[in-house]
Amino acid sequence: DPVVAKVCSPVIPTSRPLIEQPMYVQGFAVDFVEDTTHDIRRQSSIDKISITAIGRITCAFLNSGRGGTIYLGIRPDYTVGGIGITRHERDEFRLGIDRLMTRMVPPVKHDKYQVVFHPVVARRGHDSPDRQKCLEIDLHVIEVQVRPSLGVVYSTWEDRCYIRMSTKNTKLSHQEVREMVLSEEEQRYRAEVHSLQSEIQRLQTQLKLSSKGGHSEDALKMGSSTALSNIATRLD
């Protein structure tokens, strides 16, 4: 079985808390595959990265209603390779993503995306993997994280609409994307209503049973009534 890249217990020389940072170990397999919310770009150097392609993927993630993450520095076999990128190039890349987002129609707000540079580490110093130390090397995995955006249909500066379907960024007309977005929102709404109705039925059953509970009846009714009131508020 492949070793997961984001698991590495030895101490890493970094000031960042491990709980806040994914662990990318060079040559190890990542714990995800390309799918509806993960897109892996195969480029191995910063100068080969296409901003146009990133724009289309971002548009597809936004219109899918689920969001997603674009990864740079992961090999085709899902092992960590990393990309060499200087501090100046990192700043330029961030600015390039900012410009890309402002050119989307409508412009994407800053709270809807984030660019993260994760240092790649390598295991060194011992024949046994369990006793090797993880050391940062001069490579990074870049993540462009796109958060879900509901109720808005986005298009690129080329006036093209995309939506994420499995591993593909599918080009559709504005009307087709709008209809798909509305359909998915309706399905999410129906699922939420069904969940709330089930909860109401459970609380109503609890109220009926509580009538046989003696002195605790009032407390149970009060708690259930409060819960029902909260559910009604959510439905509104």
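Computed over heavy atoms, backbone and side chain alike; hydrogens, waters and symmetry mates excluded. If you read the sequence from its start, that first residue is 1, and numbering goes on from there.
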Open item on the list: When you measure from the side chain of Thr156 to the backbone of Glu158, do you find a donor-acceptor pair of N or O atoms at a distance under 3.5 Å?
Closed with: yes
Open item on the list: Could you see if Ile57 belongs to whatever hydrophobic cluster contains Val105? Use Ile, Leu, Val, Met, Phe, Trp, Tyr and a side-chain cutoff under 4.5 Å.
Closed with: no
TODO: To the nearest 0.5 angstrom, please state how far the NZ atom of Lys109 sits from the OG atom of Ser149.
DONE: 8.5 Å
Task: Heavy-atom donor-acceptor pair, Thr79 side chain to Arg75 backbone, under 3.5 Å - done: no
Open item on the list: Checking the side chain of Glu176 only, and the main-chain atoms of Ser173 only, is there a donor and an acceptor separated by less than 3.5 Å?
Closed with: yes
Task: Check against side chain to side chain contact (heavy atoms under 4.5 Å, CB included), Asp98 and Phe93 - done: CA-CA 9 Å; Asp98 287 341; Phe93 185 83; over 6 Å; no
Task: Derivation and outcome, side chain to side chain contact (heavy atoms under 4.5 Å, CB included), residues Val141 and Val116 - done: CA-CA 8 Å; Val141 168; Val116 184; over 6 Å; no
Task: Thr58, Ile70, Leu100, Ile97 screened by side chain to side chain contact (heavy atoms under 4.5 Å, CB included) with Tyr113, the one that passes - done: Ile97
TODO: Kindly state each residue pair satisfying side chain to side chain donor-acceptor pair (under 3.5 Å) with at least one member in residues 87-96, sequence neighbours excluded.
DONE: Thr86-Glu89
Task: Considering all heavy atoms, the nearest Pro106-Val153 contact - done: CD-O, 3.7 Å
Open item on the list: Quick check: do Leu72 and Ile49 have side-chain heavy atoms less than 4.5 Å from each other?
Closed with: yes
Task: Closest heavy-atom pair and its distance - Ser155, Cys161 - done: CB-SG, 3.9 Å
- [ ] For Asp138, look at atom CG and say whether over 12 heavy atoms of other residues, nucleotides or ligands are found less than 6.0 Å away.
- [x] no
Open item on the list: Show me the pairs that pass ring-ring contact (aromatic ring centres under 6.0 Å, His included) and involve residues 38-65, at least two apart or across chains.
Closed with: Phe32-His38, His38-Tyr71
- [ ] Answer yes or no: is there a side-chain heavy-atom contact under 4.5 Å between Tyr78 and Asp31?
- [x] no
Open item on the list: Would a single hydrophobic cluster contain both Ile51 and Ile142, if residues Ile, Leu, Val, Met, Phe, Trp and Tyr are joined by side-chain heavy-atom contacts under 4.5 Å?
Closed with: yes
Task: Expected output: side-chain Asn63 to main-chain Tyr154 donor-acceptor under 3.5 Å - done: yes
Task: Exercise: identify the closest heavy-atom pair between Ala60 and Asn169 - done: CB-OD1, 3.4 Å
- [ ] Step by step, work out the side chain to side chain contact (heavy atoms under 4.5 Å, CB included) result for Val146 and Leu62.
- [x] CA-CA 7 Å; Val146 182; Leu62 288 165; 3.6 Å; yes
- [ ] Let me see the working for Lys171 and Ile163 under side chain to side chain contact (heavy atoms under 4.5 Å, CB included), right down to the final yes or no.
- [x] CA-CA 7 Å; Lys171 180 185 173 184; Ile163 196 165; over 6 Å; no
Open item on the list: The test is salt bridge (Lys or Arg N to Asp or Glu O under 4.0 Å); show your working for Arg42 and Glu34 and say whether it passes.
Closed with: CA-CA 12 Å; Arg42 313 300 183 185; Glu34 200 162 29; 3.2 Å; yes
Open item on the list: If I compare all heavy atoms of Gly81 with all of Gln26, which pair ends up nearest, and what's the gap?
Closed with: O-NE2, 3.7 Å
Task: Matching residue for Arg164 among Thr36, Asp39, Asp35 - test: side chain to side chain donor-acceptor pair (under 3.5 Å) - done: Asp39
- [ ] Return the minimal non-hydrogen interatomic distance between Met165 and Thr170, and the atom names on each side.
- [x] SD-OG1, 3.7 Å
- [ ] Measure across Pro148 and Lys112 and return the closest heavy-atom pair with its distance rounded to 0.1 Å.
- [x] O-NZ, 3.0 Å
